[in-house]
Amino acid sequence: MLISGHGSNLRALFAACAGPTYPAEIVSVVSDRAEAPGLAYAQAAGTCSAVIAHQSRQAFAAQAEALLRDQRVQLVCLAGFMRVLDAAFVEAWRDRIINIHPSLLPAFPGLHPQSQALAAGVRFTGCTVHFVRREVDTGPIISQAVVPIHPDDDEASLAVRILGVEHRLYPLTVRLIAEGRVRVVADKVEIEGWRAPKIALQNPDSCW
Ligand code: GRF
């Protein structure tokens, strides 16, 4: 996993991996910031962890590449990793790097997606797990979850509500990938055994 900060998604994945039937394990945690709380959590859990300070994109990629190979990493999960990855690194790991973003992409990419959603006045936002491509917050979408916006929301309250859903969506998505049910076809994701929900959501939820 690549992280920069708090690491609540990392903790959610650790919790999922502790389940007896979960088909993946976290073998390595890398942070670009030594003070990232998520890094301390990984260290306490006894997982291989490292700080790779971000000098240049290429230098970071070279060190990350060596570590990922050494640890025989099969899937790179970004969770609150605040750096743009080197384009050659992204290509080398094509369809083996995923990211979670707190909006329904392609809406509201980049920084402060919760504020962007509030400013746009949308009734729903959510979170997205996607394969990573060169451009920030782009790439084939694997999974999404919808989160309602409340009239009294601010950026912080909305972020908390979305995070709670991220903590379910990310482990579910990693499970699907680890089970070999996810493939990219013509830059879109197909998931074996997936069914779309039968009904639509609406907000307000009882106006007729
Ligand atoms: C999450 O909202 C994630 O979607 C975004 O950064 C935040 C990371 O939170 N990319 P945490 O460090 O996992 O708590």
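The figures that follow rest on heavy atoms only: side chains count, while hydrogens, waters and symmetry mates do not. All ligand and atom numbering here is 1-based and tracks the order in the structure. In this chain, residues are counted from 1 in sequence order.
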Tell me the contacting part of Glu166 for ligand 1: side chain, backbone, both, or neither, using a 4.0 Å heavy-atom threshold, strictly below.
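It is the side chain that touches ligand 1; the backbone stays farther off.
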Specify side chain, backbone, both or neither for Leu78, according to which of its non-hydrogen atoms lie closer than 4.0 Å to ligand 1.
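Looking at Leu78 and ligand 1, no heavy atom falls under 4.0 Å.
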In the protein, which heavy atom is nearest to atom 7 (C) of ligand 1, and how far is it?
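Heavy-atom neighbour on the protein nearest atom 7 (C) of ligand 1: Gly80 CA, 4.1 Å.
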Heavy atom of Pro102 under 4.0 Å from ligand 1?
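Under 4.0 Å: yes for Pro102.
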So, 4.0 Å and heavy atoms of Gly7: is ligand 1 close enough to count as a contact?
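Gly7: in contact with ligand 1 (<4.0 Å).
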Does atom CZ of Arg181 have more than 12 heavy-atom neighbours from other groups under 6.0 Å away?
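Yes, CZ of Arg181 has more than 12 neighbouring heavy atoms, counting only those of other groups under 6.0 Å.
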Above 12 or not: heavy atoms from other molecules or residues under 6.0 Å from CD of Glu179?
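More than 12 within 6.0 Å, yes.
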Those atoms of ligand 1 less than 4.0 Å from some heavy atom in [X]:
X      : answer
His101 : 4 (O)
His6   : 12 (O), 14 (O)
Leu163 : 1 (C), 2 (O)

Could you report the tightest heavy-atom contact between Tyr41 and Leu10, atom names first, then the distance?
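Shortest heavy-atom contact: CD2-CD2, 3.7 Å.
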Measure from atom 5 (C) of ligand 1 to every heavy atom in Val160, Asn9, Ile100 and give the option owning the shortest one.
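When every heavy atom of Val160, Asn9, Ile100 is considered, Ile100 comes closest to atom 5 (C) of ligand 1.
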Any sub-3.5 Å donor-acceptor pair from Gln144's side-chain atoms to Ser103's backbone N or O?
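No, the answer is negative, given that no donor and acceptor are paired below the 3.5 Å cut-off.
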So, does Ser157 use its side chain to make a donor-acceptor pair with the main chain of Asp153 at under 3.5 Å?
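No; judged by distance alone, with no hydrogens or angles, the pair does not exist.
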Within the 6.0 Å centroid threshold, strictly below: Phe60 and Phe81
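That pair passes the under 6.0 Å test.
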Assess the side chains of His167 and Arg11: does a donor N or O sit below 3.5 Å from an acceptor N or O?
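His167 vs Arg11: no donor-acceptor pair found between side chains.
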Is Ser8 in polar range of ligand 1, meaning some N or O pair under 3.5 Å apart?
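Yes, since at least one N or O of Ser8 sits under 3.5 Å from an N or O of ligand 1.
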